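Data first, discussion second: the structure below is written as structure tokens.
For the single chain, residues carry numbers from 1 onward in sequence order. The structure presented is a predicted model; accordingly, all values stated were derived computationally and were not measured. Ligands are counted one by one from 1 in listed order, and the atoms in each one are counted from 1 as well.
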Amino acid sequence: MFNGLIDIIKTMRINDVIDILIIAYVLYRLILVIHKTRAEQLLKGLAVLIVITKVSEWLQLRTVNYILRNAMTVGVIALLIVFQPELRRGLESLGRSGFLGKNFFFFNEEEKDMSEVLGEICDAVQFLSRSKIGALIVLERETGLNELIETGIAMDSKISSELLINTFIPNTPLHDGAVIIRGDRIMAAGCFLPLTDNQNLSSELGTRHRAGIGVTEISDAVAIIVSEETGTISLAQNGRISRHLDAKTLKEVLSSIFEVKDTKKPVWKKWGNKHAD
Ligand SMILES: Nc1ncnc2c1ncn2[C@@H]1O[C@H](COP(=O)(O)OP(=O)(O)OP(=O)(O)O)[C@@H](O)[C@H]1O
């Protein structure tokens with residue numbers, strides 16, 4: 001067996017090595033995408049099913065094998081339907097990867113302004129939290145949220161903490177629903193977001209939190225939720241929620257998500273500066 005392995009290695013061409021590296025990289029990215037999502041559990045289940053099918057084939061359990069084989073064919077179609085949001089997110093993340101996107105040559109143009117934007121948002125969130133005013137703020141990233149923006153009242157206004165606070169004042173026309181922010185602009189208020197159907201969430205989380213999580217399942221957006229009941233600040237991303245944040249931690253987490261520390265400069269200028277020190 002060892003000799004066989006050596007023979008294979010000896011006959012390998014450079015193309016075979018590239019082939020293996022590509023597949024290894026794709027698998028690695030796939031594992032990163034599904035890690036700690038419901039797809040991870042399902043793939044484990046699928047692996048068990050494949051093993052049982054192989055064992056039944058080996059033991060010549062024809063009926064069991066027949067049923068399992070057919071179940072797998074239907075299962076693949078079912079998987080595509082059930083995991084449509086994850087597949088969509090995965091393909092989108094492929095499309096916006098630095099290699100193909102503008103980020104390969106330029107650092108995000110909005111990074112500098114984003115620091116100010118995050119400051120305004122966190123100031124507003126702190127006030128809303130202290131005053132126990134419920135709020136749902138969605139920060140758009142690469143995935144366009146036009147469909148959701150259209151469900152609300154168009155604003156297209158430059159962001160400020162005062163405007164954000166005002167939007168969520170109870171019993172005013174815009175306070176219900178979510179505010180969606182694109183760059184430094186509040187695009188719309190009163191937007192309706194899809195609710196998550198995650199069954200594992202705490203029963204304390206009502207529709208505001210579920211809507212905040214839901215939008216991050218179908219896009220790469222980030223949602224900030226302020227509870228009307230407790231004033232608790234939460235942040236949702238990739239279908240997961242972090243609760244009980246304070247305004248300072250929120251700013252730190254958002255800053256790392258939006259990578260605001262780097263200034264906007266082409267890669268070569270940045271490299272030049274680094275080596276001029
Ligand atoms: N699908 C949705 N999209 C956007 N906003 C929504 C959606 N569903 C509910 N909301 C907002 O959440 C409010 C109701 O919040 P609810 O009390 O059910 O949630 P909660 O998660 O328990 O939040 P809180 O802790 O603030 O009470 C609604 O008045 C509305 O503003």
Is the [atom1] atom of [X] crowded by more than 12 outside heavy atoms at less than 6.0 Å?
X      : atom1 : answer
Ile153 : CD1   : no
Glu57  : CD    : yes
Glu252 : CD    : yes

- Item | Close approach, Gly134 and ligand 1, non-hydrogen under 4.0 angstrom |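 Judged by the 4.0 Å heavy-atom criterion, Gly134 does not count as contacting ligand 1.
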- Query: Can a non-hydrogen atom of Cys191 be found less than 4.0 Å from any atom of ligand 1?
  - Reply: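 The answer is yes: ligand 1 sits under 4.0 Å from a heavy atom of Cys191.
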Examine [X] against ligand 1 and note whether any of their N/O atoms are separated by less than 3.5 Å.
X      : value
Leu205 : no
His175 : no
Arg208 : yes
Phe192 : no
Leu193 : yes

Provide the number and element of each atom of ligand 1 under 4.0 Å from a heavy atom of [X].
X      : value
Leu195 : 1 (N)
Gly206 : 19 (O), 20 (P), 21 (O), 22 (O)
Glu228 : 24 (P), 25 (O), 26 (O)
His209 : 20 (P), 21 (O), 23 (O), 25 (O)
Leu136 : 4 (C), 5 (N)

For [atom], what is the nearest protein heavy atom, given as residue, atom name and distance?
atom                    : answer
atom 18 (O) of ligand 1 : Thr207 OG1, 2.6 Å
atom 7 (C) of ligand 1  : Ala211 CB, 3.8 Å
atom 5 (N) of ligand 1  : Gly177 CA, 3.3 Å
atom 25 (O) of ligand 1 : Ser227 OG, 2.5 Å
atom 27 (O) of ligand 1 : Glu229 OE1, 3.7 Å
atom 28 (C) of ligand 1 : Asp176 OD1, 3.5 Å

- Does atom 22 (O) of ligand 1 have a protein non-hydrogen atom under 4.0 Å from it? yes
- Message: Evaluate Gln237 against Thr216 for side-chain hydrogen bond (donor to acceptor under 3.5 Å, both in side chains), listing each step before the verdict.
- Response: CA-CA 5 Å; Gln237 196 194 7; Thr216 71; over 6 Å; no
- Query: Does the distance from a Lys or Arg side-chain N to an Asp or Glu carboxylate O, for Glu228 and Arg208, drop under 4.0 Å?
  - Reply: yes
- Message: Using the side-chain contact (heavy atoms from CB on, under 4.5 Å) definition, which of the options Leu139, Ile225, Leu250 pairs with Leu235?
- Response: Leu250
Side-chain heavy atoms under 4.5 angstrom apart, residues restricted to Ile, Leu, Val, Met, Phe, Trp, Tyr: same cluster for [X] and [Y]?
X      : Y      : answer
Ile50  : Leu68  : yes
Leu195 : Val215 : no
Tyr66  : Leu49  : no
Val51  : Trp58  : yes

- Query: Could you walk me through whether Thr143 and Asp220 pass the side-chain hydrogen bond (donor to acceptor under 3.5 Å, both in side chains) check?
  - Reply: CA-CA 6 Å; Thr143 311; Asp220 63 346; 2.9 Å; yes
- Task: Determine whether Arg210 and Asp197 make a side-chain contact, defined as any pair of heavy atoms from C-beta on separated by less than 4.5 Å.
- Result: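 Heavy-atom side-chain distance check fails, nothing below 4.5 Å.
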